[in-house]
2 protein chains.
Amino acid sequence: MGAEASTASTAASQLYVALKRDLINGRFTAGQKLAITTLKQHYQVGLSPLREALNRLAAYGLLEQENQRGFRVPALERAELDDIADLRSRFEGQALEQALENGGDEWEAGLLAAFHRLKRADEAPGQLDHWEQMHLQFHRHLLEPCGSPWLVRFIEQLHDQFDRYRRMAPANDTVRAILNEQHGRLVDLALERDITAARTLLEEHIRLSYEVAQSACHEEVAKA
Amino acid sequence: MGAEASTASTAASQLYVALKRDLINGRFTAGQKLAITTLKQHYQVGLSPLREALNRLAAYGLLEQENQRGFRVPALERAELDDIADLRSRFEGQALEQALENGGDEWEAGLLAAFHRLKRADEAPGQLDHWEQMHLQFHRHLLEPCGSPWLVRFIEQLHDQFDRYRRMAPANDTVRAILNEQHGRLVDLALERDITAARTLLEEHIRLSYEVAQSACHEEVAKA
DNA sequence: ATGATATGAAAAATCGATTTTTTACTATGG
DNA sequence: CCATAGTAAAAAATCGATTTTTCATATCAT
């Protein structure tokens, strides 16, 4: 038979993916309590796989779980976003340096391919979900050969957390153009193995995304 | 009424704690497949809370989960231990610097208290589980005021992973004495706010623990 | 023999119902 | 009027049974 996905999936796993996407895309209100009965109907599944998916998401940090009173969508806090962005900067900076030292020919080829897909996705409007996927894959591929599976894992987790904020923020075409252009320059610097410049640019890339994401935070209304 | 734990617990949560402890303490063989029926009997619980606990542990990284074929205890790999120890060193080093900048009077008091408890636990033999708890709490408290909840979270996760290896390793009283002495010096340097020396010592502390933990890895038999 | 296929036992995943706990509401006494 | 205890409804957690998938073994055609 033809090639196909090797992983037979379960209801719990599919639900995990769907819920994760919806959480990151802001389909639920921050701080909201999740009504299990409603979710059951909405996603058309039974209670067991639903609860298993929710438990995984809570352990991952995309939900808050409190004994005997269910699950809740975490609030969007300015302080937390600061923390996440700062760590992203440090972690991804370190990972990039190592990736530029380790990455081989295959990695270079894959990076160009990932960048190309990202550009194509950028030209197709309305396919926002697809663009997000390509964007994630680009950044993932960039840092992949850093040699530290645990660092990669933490970076992805932070990326997911970060995106909860970023995707709530209003679109801004000017900034978006700059961010896109940075992706291209990142590829160039990566191929040239210009470690210092690449790291600086990646950190600037994260900083700029952070500026955008900030507007997603609940603003305390000034009293004056 | 008197002070008491605020969190009413659930079967799933208690089981999560118990399984986590047993996993870190090496009660299960690395690489082993978990027989759910057996676990059910051993921990005297129903299927639902058991599966929820297992799902959480898999999301946390203390179990491997494969769709339609259950849960498995991760193997102990030299390369993974290297990764974990290296990240611990970097993360905890960074966290310590920030903690020394932020920690106030209350933190100093708590640190002394935690160290005292650790020393006491060290004198009481046979209470290994209690010592491990005090040890974890000491390190946790040391880095607590670093100002980054996510960094603290990752450090704990790495610590748990690291301990899977360390607790499998054979006891060595000489090394153990050195490690204990380092705890005391860490407190001193922390109170003096000697950032550089404290960081160096903490990294040395981790490096030495790593030497110990190494012997837990499955050794490839040399062919010659 | 060999490899493919069928079969039954075991294990994983899911479902539907039950039990327990929380929450919102109401009544009652201070 | 406030606080407090009681009560019913809702939600969370758990249980027991069922369904689905995997795994090991046996069977059959080549």
Side-chain angles (χ1 to χ4, degrees), chain A residues 1-20 22-23 28-75, chain B residues 1-20 22-23 28-75:
Chain A
M1 293 291 166
E4 59 176 46
S6 58
T7 343
S9 197
T10 61
S13 287
Q14 291 174 251
L15 201 48
Y16 174 80
V17 172
L19 273 167
K20 182 176 171 183
D22 290 347
L23 279 164
F28 301 95
T29 311
Q32 165 191 357
K33 188 161 170 333
L34 291 184
I36 298 207
T37 316
T38 311
L39 290 180
K40 231 181 70 164
Q41 293 178 307
H42 187 277
Y43 292 95
Q44 288 293 302
V45 287
L47 196 57
S48 310
L50 175 58
R51 286 190 60 88
E52 290 189 13
L54 293 174
N55 270 280
R56 289 188 215 177
L57 287 163
Y60 187 67
L62 280 171
L63 283 178
E64 287 165 2
Q65 182 170 23
E66 204 178 350
N67 284 335
Q68 313 284 16
R69 56 197 73 163
F71 298 86
R72 179 173 293 281
V73 181
Chain B
M1 291 296 161
E4 59 177 47
S6 59
T7 342
S9 196
T10 62
S13 287
Q14 291 174 252
L15 201 47
Y16 173 81
V17 172
L19 274 167
K20 182 176 171 181
D22 290 348
L23 280 165
F28 302 95
T29 311
Q32 165 192 356
K33 188 161 171 331
L34 291 184
I36 297 206
T37 315
T38 311
L39 290 179
K40 229 180 74 164
Q41 293 177 308
H42 187 275
Y43 292 96
Q44 288 292 304
V45 287
L47 197 56
S48 312
L50 175 56
R51 287 191 58 89
E52 290 189 13
L54 293 174
N55 271 279
R56 287 189 216 178
L57 287 164
Y60 187 66
L62 280 171
L63 284 178
E64 286 165 1
Q65 182 170 24
E66 205 178 349
N67 283 336
Q68 311 287 15
R69 56 199 72 163
F71 299 86
R72 179 173 294 280
V73 181

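Below, chain A is the first sequence line, B the second, and so on; all start at residue 1.
- A/L50 has its CG atom 16 Å from the P atom of C/dA13, to the nearest Å.
- Distance, A/Y43 OH to C/dC15 P: 16 Å, rounded to whole Å.
- The CD atom of A/Q41 sits 14 Å away from the P atom of C/dC15 (whole-angstrom rounding).
- By the 6.0 Å and 45° rule, A/K33 does not stack over the aromatic ring of A/F71.
- The side-chain contact (heavy atoms from CB on, under 4.5 Å) test with B/L54 singles out one residue from B/L19, B/L62, B/L15, and that residue is B/L19.
- Atom NZ of B/K40 and atom P of D/dT14 are 14 Å apart (whole Å).
- Checking A/A12 against A/L47, the closest nucleotide of DNA chain C that is more toward the 5' end is the one next to A/A12.
- Rounded to whole angstrom, the span from the CD atom of B/Q44 across to the P atom of D/dG16 amounts to 11 Å.
- For B/Y16 and D/dA13, the OH to P distance is 16 Å, given to the nearest whole Å.
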Practice task
Sugar-phosphate atoms are those with a prime plus P, OP1 and OP2; base atoms are the rest. Using that split, label each nucleotide of nucleotides 6-12 of chain C B, S or - for protein heavy atoms under 4.0 Å, 5' to 3'.
Solution key: -----SS
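- Side chains of A/L39 and A/V45 form no contact here, defined as non-hydrogen atoms less than 4.5 Å apart.
- Within the 3.5 Å criterion, the main-chain N or O of A/P49 finds no donor-acceptor partner in the side chain of A/E52.
- Here D/dT14 presents its C1' atom at 15 Å from CG of B/L54, a figure rounded to the nearest Å.
- In this structure the side chain of A/L47 reaches within 4.5 angstrom of the side chain of A/K40, judged on heavy atoms.
- At a cut-off of 3.5 Å, with distance as the only test, a side-chain donor of B/D22 or B/Y43 sits close to an acceptor on the other residue.
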